[in-house]
Participant: 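One structure, pasted below without further comment.
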2 protein chains.
Amino acid sequence: MTAIGKTARTQRAVERACHEGAKLFSEKGYSETTTRELAAAMDVTNGTFYYYFPSKEDLLRQICEDALAEITAAVTKAVDGAESGLDAVTQMIHSHVRTIVESRHSHTTMLTELRALNGEHRVTIVAARDRYESLVREILASAKADGSLKTSIELAPLTLLLLNLLNWTIFWYRPNMGLTGDEIADRMVTLFLNGAVNPA
Amino acid sequence: MTAIGKTARTQRAVERACHEGAKLFSEKGYSETTTRELAAAMDVTNGTFYYYFPSKEDLLRQICEDALAEITAAVTKAVDGAESGLDAVTQMIHSHVRTIVESRHSHTTMLTELRALNGEHRVTIVAARDRYESLVREILASAKADGSLKTSIELAPLTLLLLNLLNWTIFWYRPNMGLTGDEIADRMVTLFLNGAVNPA
DNA sequence: GTCTATAGTGGGATAGAC
DNA sequence: GTCTATCCCACTATAGAC
């Protein structure tokens with residue numbers, strides 16, 4: 001077994017920990033999940049968990065970091081080729097919803113368990129989340145600037161309301177509920193852009 | 001001190017526990033809050049907490065129960081005198097948002113810490129929450145039935161999206177943030193009914 | 001790299017005096 | 001009705017063998 005072999009094996013173990021950890025954290029909560037459960041999900045015993053992570057909190061930090069990197073990359077790419085402000089908003093909504101439903105465990109963990117992080121860990125993740133929300137705000141700002149969106153709702157509240165609409169989905173979405181991420185996003189786009197009032 | 005006096009005193013202590021408990025649970029989380037902290041917030045010691053509640057979980061159940069009773073009563077009353085389907089939707093949004101921002105600690109606790117409840121406790125609260133969501137759905141159903149709302153978004157997803165828009169507010173609303181509950185609700189009504197697109 | 005064993009800590013809940 | 005004292009348990013993290 002070479003050094004490279006060892007590294008790859010370790011990386012697989014870390015990835016598995018993140019995957020199973022996100023599942024446990026999102027279903028039971030961070031502090032209701034024990035390191036023994038985390039270890040069992042990795043098929044090792046409690047002590048071995050600490051070979052891969054210095055602490056339980058460090059696993060949480062890793063999951064949050066990865067989730068934010070994932071959604072930031074997905075949305076950045078989605079709006080990259082947008083033809084107009086409205087198109088960018090539409091692409092962003094689809095990309096955001098697709099990401100949080102496809103990786104729902106890690107995004108639920110990031111969105112709801114972040115407060116369990118302390119000190120430096122907390123500061124780093126909050127900063128990354130703020131950067132992502134700035135990205136969303138800038139997409140809306142562009143759509144306002146080109147005249148696509150009404151000015152009667154100010155940029156800051158409009159951004160918050162869009163994030164409301166997008167994020168609470170983690171609490172009810174389940175695979176096989178009869179609605180895909182893109183189908184949910186379609187309805188959000190209709191509602192966010194045109195509202196629910198009957199135009200007839 | 002009469003029996004009535006004792007009862008009233010006990011009731012005040014229970015109310016204080018619910019008030020301070022909701023604050024602690026919403027800020028730190030249910031399982032990160034100790035019974036010693038709860039007792040300190042009531043100005044008693046750990047042991048005394050158990051004179052008022054059989055368990056920590058029972059305090060959580062009480063807080064959730066009260067929050068659901070409060071919002072159900074508020075919204076029921078608000079839509080009672082509505083003149084049309086659209087008016088009822090508008091009144092519901094205002095009433096819901098006003099309630100969750102004015103009693104934000106208890107509603108945050110109910111919405112985010114419910115999963116810490118087990119067995120019978122859990123079943124009771126989930127049932128009450130389902131009843132509240134049915135109320136919201138019925139208000140939207142009426143507005144669809146009288147032709148106010150478009151049919152292109154089905155009732156079930158429309159209800160979920162409205163609850164998305166309303167509920168995520170607990171994660172960012174702070175008193176003195178420069179926006180009152182009614183000001184937030186105004187923007188939600190505009191967005192939910194007419195959308196963000198510039199009509200010009 | 002994984003194990004067993006355990007140190008060390010803190011919290012939920014109870015007992016019993018006052 | 002409130003206190004002090006404490007039981008008992010579970011959990012995070014570490015030590016050290018293999």
Side-chain angles (χ1 to χ4, degrees), chain A residues 1-18 20-21 24-25 27-63 109 113 115-122, chain B residues 1-22 24-25 27-63 109 113 115-122:
Chain A
M1 198 63 72
T2 67
I4 290 167
K6 280 184 198 171
T7 299
R9 176 177 295 230
T10 291
Q11 197 179 324
R12 274 196 304 278
V14 168
E15 274 164 20
R16 184 163 182 196
C18 288
E20 299 294 331
L24 287 164
F25 290 164
E27 281 165 2
K28 317 191 1 157
Y30 171 76
S31 58
E32 291 83 358
T33 302
T34 68
T35 55
R36 283 169 178 80
E37 290 175 297
L38 291 168
M42 298 167 70
D43 282 316
V44 292
T45 57
N46 180 42
T48 305
F49 174 82
Y50 289 91
Y51 175 77
Y52 293 105
F53 295 93
S55 69
K56 183 181 157 187
E57 191 179 327
D58 205 78
L59 170 60
L60 176 59
R61 183 198 52 72
Q62 187 69 55
I63 292 166
T109 299
E113 305 299 324
R115 76 171 153 202
L117 292 173
N118 295 301
E120 207 57 42
H121 285 168
R122 176 92 152 255
Chain B
M1 196 65 73
T2 67
I4 291 166
K6 278 183 198 170
T7 300
R9 177 178 295 232
T10 291
Q11 198 180 323
R12 275 198 303 277
V14 168
E15 276 165 19
R16 185 161 183 197
C18 288
H19 185 80
E20 300 293 331
L24 287 163
F25 291 163
E27 282 166 1
K28 318 192 0 159
Y30 171 76
S31 58
E32 291 83 357
T33 302
T34 68
T35 55
R36 283 164 181 82
E37 288 174 299
L38 291 167
M42 297 167 70
D43 282 317
V44 293
T45 58
N46 179 40
T48 305
F49 174 83
Y50 289 91
Y51 174 77
Y52 293 105
F53 295 92
S55 70
K56 184 181 156 188
E57 191 178 328
D58 205 79
L59 170 60
L60 176 59
R61 183 199 50 72
Q62 187 68 55
I63 292 167
T109 298
E113 306 298 325
R115 77 173 152 200
L117 292 173
N118 297 300
E120 208 57 42
H121 285 168
R122 175 91 150 256

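Chain A is the first sequence line, chain B the second, and so forth, proteins listed ahead of strands; every chain is numbered from 1.
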Participant: Going by number, which of residues 47-60 of chain B have a non-hydrogen atom under 4.0 Å from DNA chain D?
Facilitator: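 Per residue number, the list reads B:Gly47, B:Thr48, B:Tyr51, B:Tyr52.
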
Participant: Roughly how far, to the nearest 0.5 Å, is the CZ atom of B:Arg12 from the CD atom of B:Glu15?
Facilitator: 9.0 Å

Participant: Does any pair with a residue in residues 48-60 of chain B pass salt bridge (Lys or Arg N to Asp or Glu O under 4.0 Å), and if so which ones, sequence neighbours excluded?
Facilitator: B:Asp58-B:Arg61

Participant: Does B:Thr10 have a side-chain nitrogen or oxygen under 4.0 Å from the phosphate oxygens OP1 or OP2 of D:dG1?
Facilitator: yes

Participant: Would you please name every residue forming a salt bridge (Lys or Arg N to Asp or Glu O under 4.0 Å) with A:Glu32, sequence neighbours left out?
Facilitator: none

Participant: Hey, does the side-chain of B:Arg36 have a donor or acceptor N/O within less than 3.5 Å of a partner on the base of C:dG12?
Facilitator: yes

Participant: Whole angstroms only, please: what is the CD-P distance between A:Glu32 and C:dG11?
Facilitator: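 After rounding, the reported distance stands at 15 Å.
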
Participant: Which part of the nucleic acid, if any, lies within contact of B:Ser31, taking any heavy atom under 4.0 Å across all strands shown: a base, the sugar-phosphate backbone alone, or nothing?
Facilitator: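 The answer is nothing, as B:Ser31 stays clear of every strand by at least 4.0 Å.
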
Participant: Under the ring-ring contact (aromatic ring centres under 6.0 Å, His included) rule, collect the residues that match up with B:Tyr52, sequence neighbours excluded.
Facilitator: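 Result, ring-ring contact (aromatic ring centres under 6.0 Å, His included) vs B:Tyr52: none returned.
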
Participant: Where the side chain of B:Asn46 is concerned, which of C:dA13, C:dC3, D:dG1 is the nearest nucleotide?
Facilitator: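 Within the option list, the nearest is C:dA13.
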
Participant: Give the table of side-chain donor-acceptor pairs shorter than 3.5 Å for residues 37-47 of chain B, with sequence neighbours excluded, one pair per line with atom names and distance.
Facilitator:
unit_1	atom_1	unit_2	atom_2	d
B:Glu37	OE1	B:Lys28	NZ	3.3
B:Glu37	OE1	B:Thr34	N	2.9
B:Glu37	OE2	B:Lys28	NZ	2.7
B:Asp43	OD2	B:Arg16	NH2	2.9
B:Asn46	OD1	B:Thr35	OG1	2.9

Participant: Indicate whether OP1 or OP2 belonging to C:dC3 is found under 4.0 Å from a side-chain N or O atom of A:Thr45.
Facilitator: yes

Participant: Got a sec, which residues hit side-chain contact (heavy atoms from CB on, under 4.5 Å) with A:Glu113, two or more places apart in sequence or on another chain?
Facilitator: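 Testing A:Glu113 for side-chain contact (heavy atoms from CB on, under 4.5 Å), a comparison that skips the adjacent residues, returns A:Tyr30, A:Leu60, A:Thr109, B:Arg115.
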
